[in-house]
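First comes the structure, then the notes that go with it.
Indexing begins at 1, ligand by ligand and atom by atom, following the structure's order. The first residue in the sequence is number 1, and the count goes up from there.
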Amino acid sequence: MTGDLSKMKMYIGGEWVEPASGEYFETVDPFTAKPWALVPRGNSADADRAIRAADRAFREGPWRSMHASERGRLIHRLGSLIEEHADALAEIEVRDNGRLLAEMRHQIRYIPKWYYYYAGLADKIEGVVHPCDKPALSYSRPEPLGVCVGIVPWNAPLLLFSLKAAPALAAGNTIVMKPAEHTSATALKLMELVELAGFPPGVINVVTGFGKEIGEPLVTHPLTRHLGFTGSTATGAHLYSLAARDVKRVSLELGGKSPNIVFDDADLDNAVRGVVGGIFGATGQTCIAGSRLLVQRRIHDQFVEKLSAFSGAARVGDPRKAETQIGPIANAMQYDRVLGYIDIARQEGASLVLGGKRPRLTECEDGFFIEPTIFTGVKNDMRIAREEVFGPVLSTIVFDDQEEAVAIANDSEFGLAAGVWTSDMKRALRMSEQLDAGSVWINTYRDISYTTPFGGYKKSGLGRENGVEGIREYLQTKAVWLSTAKEVENPFVIG
Ligand code: ADP
């Protein structure tokens with residue numbers, strides 16, 4: 001079986017390379033549960049090779065001396081190539097992670113905007129002249145950090161890759177990216193476009209493999225200066241501690257248990273669509289999933305009924321079919337984990353009002369499918385309300401007034417996002433001030449843009465991606481002093 005599958009290669013220093021170990025692992029299509037290609041199993045030797053290639057490209061190559069406008073032109077060209085090949089990239093992404101083809105096409109057609117935005121920003125990063133109190137001209141220069149490592153998960157592989165790559169490159173860094181072991185194909189495919197765009201060798205590198213085997217060596221490598229990580233809070237915290245040993249900079253985009261809060265004056269049809277998109281979109285496998293539904297008591301029963309009817313009618317099945325609304329879970333491990341949480345919720349005493357099992361459809365026989373699942377009667381101290389499930393499982397919690405809604409929403413170790421559904425804009429604005437979350441959506445959910453900072457409060461992360469703030473993660477400030485004094489004064493008294 002394995003012998004028939006095509007072998008992918010890693011991309012290091014502008015060359016397509018085999019892993020040092022000579023070992024490969026299978027990547028599996030979650031719809032068929034069958035392997036479809038072989039991915040290089042990188043280890044610390046590959047990590048070292050990639051980081052050294054990136055370091056050389058940063059120090060010695062044309063990238064360093066290239067004017068920022070020229071850097072921007074290359075980044076823009078890469079965006080155009082992605083736009084041209086978006087549909088082909090979407091097909092590959094679906095094969096690896098089972099997301100809906102329609103959604104992945106939409107997402108990958110949107111990705112070029114990140115490259116265009118940061119390409120435009122590359123030559124607009126300005127320093128400042130300080131109003132100095134000494135006889136000197138003092139000014140600051142924003143400078144790149146050096147080699148930046150990006151480690152990304154499997155739920156939106158190319159999007160999350162680009163959120164890191166585009167600003168890191170625009171700031172003048174070189175990068176080594178590691179996609180998740182379940183979804184390495186699009187990152188490697190993208191390297192064909194990087195070659196076409198004409199990036200100097202070593203500026204963009206992709207290595208593949210497992211977290212412990214190649215991810216950690218990338219983070220701990222002495223030449224790595226920054227880690228951009230998206231993934232679980234446990235892994236992020238671990239990598240943060242490894243980076244801290246060498247005082248490396250980190251940006252972390254971690255887990256969530258985001259509340260979607262529906263008040264009794266909301267437009268309930270819109271709120272239903274928003275709640276469904278928040279938890280069943282992408283089969284619930286997003287860090288921003290609105291996995292806690294907080295509903296005001298007066299409309300609780302009516303809302304749950306509407307929501308269950310809408311969600312129960314969603315078409316589960318082949319992610320490649322245009323009419324499918326909910327695809328499979330992306331991999332076997334995650335599938336078992338989600339089913340485990342459904343059991344936990346039952347044991348904790350939550351009431352199952354929808355789903356909770358595999359769908360009985362021949363189309364879904366082999367894949368990792370779980371029906372859209374809704375629990376009511378959830379208390380905020382239950383595990384199902386506190387821990388990230390990363391699947392199509394919604395926990396419904398009832399509240400009486402705004403104060404209680406805020407208290408429940410904020411009683412979480414996470415703080416990635418929150419949704420508020422109400423027709424009272426004063427209340428919406430007060431809520432946006434009171435909620436501990438990096439993004440607050442009012443009468444909408446799951447919006448992100450290349451223009452708007454995104455990141456977490458509390459254990460949901462550190463730093464911001466997107467917008468002008470996003471590029472600052474990849475810059476450091478150098479202060480330059482140029483004396484205007486006639487002579488160096490008393491050398492023994494500084495100040
Ligand atoms: P998820 O639950 O989304 O898979 P993880 O945090 O386990 O989240 O994985 C996200 C990314 O982090 C993947 O690319 C994975 O290979 C990588 N990863 C996991 N563990 C480690 C580790 N110990 N060191 C470096 N990278 C890791």
Can a salt bridge be assigned to the pair [X] and [Y] using a cut-off of 4.0 Å between side-chain N and carboxylate O?
X	Y	result
Glu93	Arg99	no
Asp29	Arg320	yes
Arg346	Asp343	yes
Lys248	Asp246	yes

Do Phe31 and Trp36 make the cut of ring centroids closer than 6.0 angstrom?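 Phe31 vs Trp36: aromatic centres not under 6.0 Å.
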So if I count the atoms of ligand 1 from 1 in the order they appear, which ones are less than 4.0 Å from some heavy atom of [X]?
X	answer
Phe229	6 (O), 11 (C), 12 (O)
Pro179	14 (O)
Lys178	14 (O), 15 (C), 16 (O)

Within 45° cone and under 6.0 Å: Lys113 NZ/CZ vs Tyr450 ring: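 Relative to the ring axis of Tyr450, which defines the angle, Lys113 lies outside at least one limit.
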Here's one to test your reading of the geometry: is the NZ or CZ of Arg64 within 45 degrees of the ring axis of Phe58 and under 6.0 Å from its centre?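 Yes.
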Could you tell me which residues satisfy salt bridge (charged side-chain N to carboxylate O under 4.0 Å, His left out) with Lys189, sequence neighbours excluded, listed by chain and number? Glu192
Under the rule for salt bridge (charged side-chain N to carboxylate O under 4.0 Å, His left out), what residues qualify as partners of Glu253, not counting sequence neighbours? none
Quick check: does [X] get an N/O under 3.5 Å from an N/O on ligand 1?
X	result
Glu216	yes
Trp154	yes
Val152	yes

Which residue supplies the protein heavy atom nearest to [atom], what is that atom called, and how far is it?
atom	value
atom 27 (C) of ligand 1	Gly211 CA, 3.2 Å
atom 16 (O) of ligand 1	Glu181 OE1, 2.6 Å
atom 7 (O) of ligand 1	Thr235 OG1, 3.6 Å
atom 17 (C) of ligand 1	Ile151 CG2, 3.6 Å
atom 2 (O) of ligand 1	Ser232 CB, 4.1 Å

Against ligand 1, does Phe390 come closer than 4.0 Å with any heavy atom? no
Any protein heavy atom lying closer than 4.0 Å to atom 9 (O) of ligand 1? no
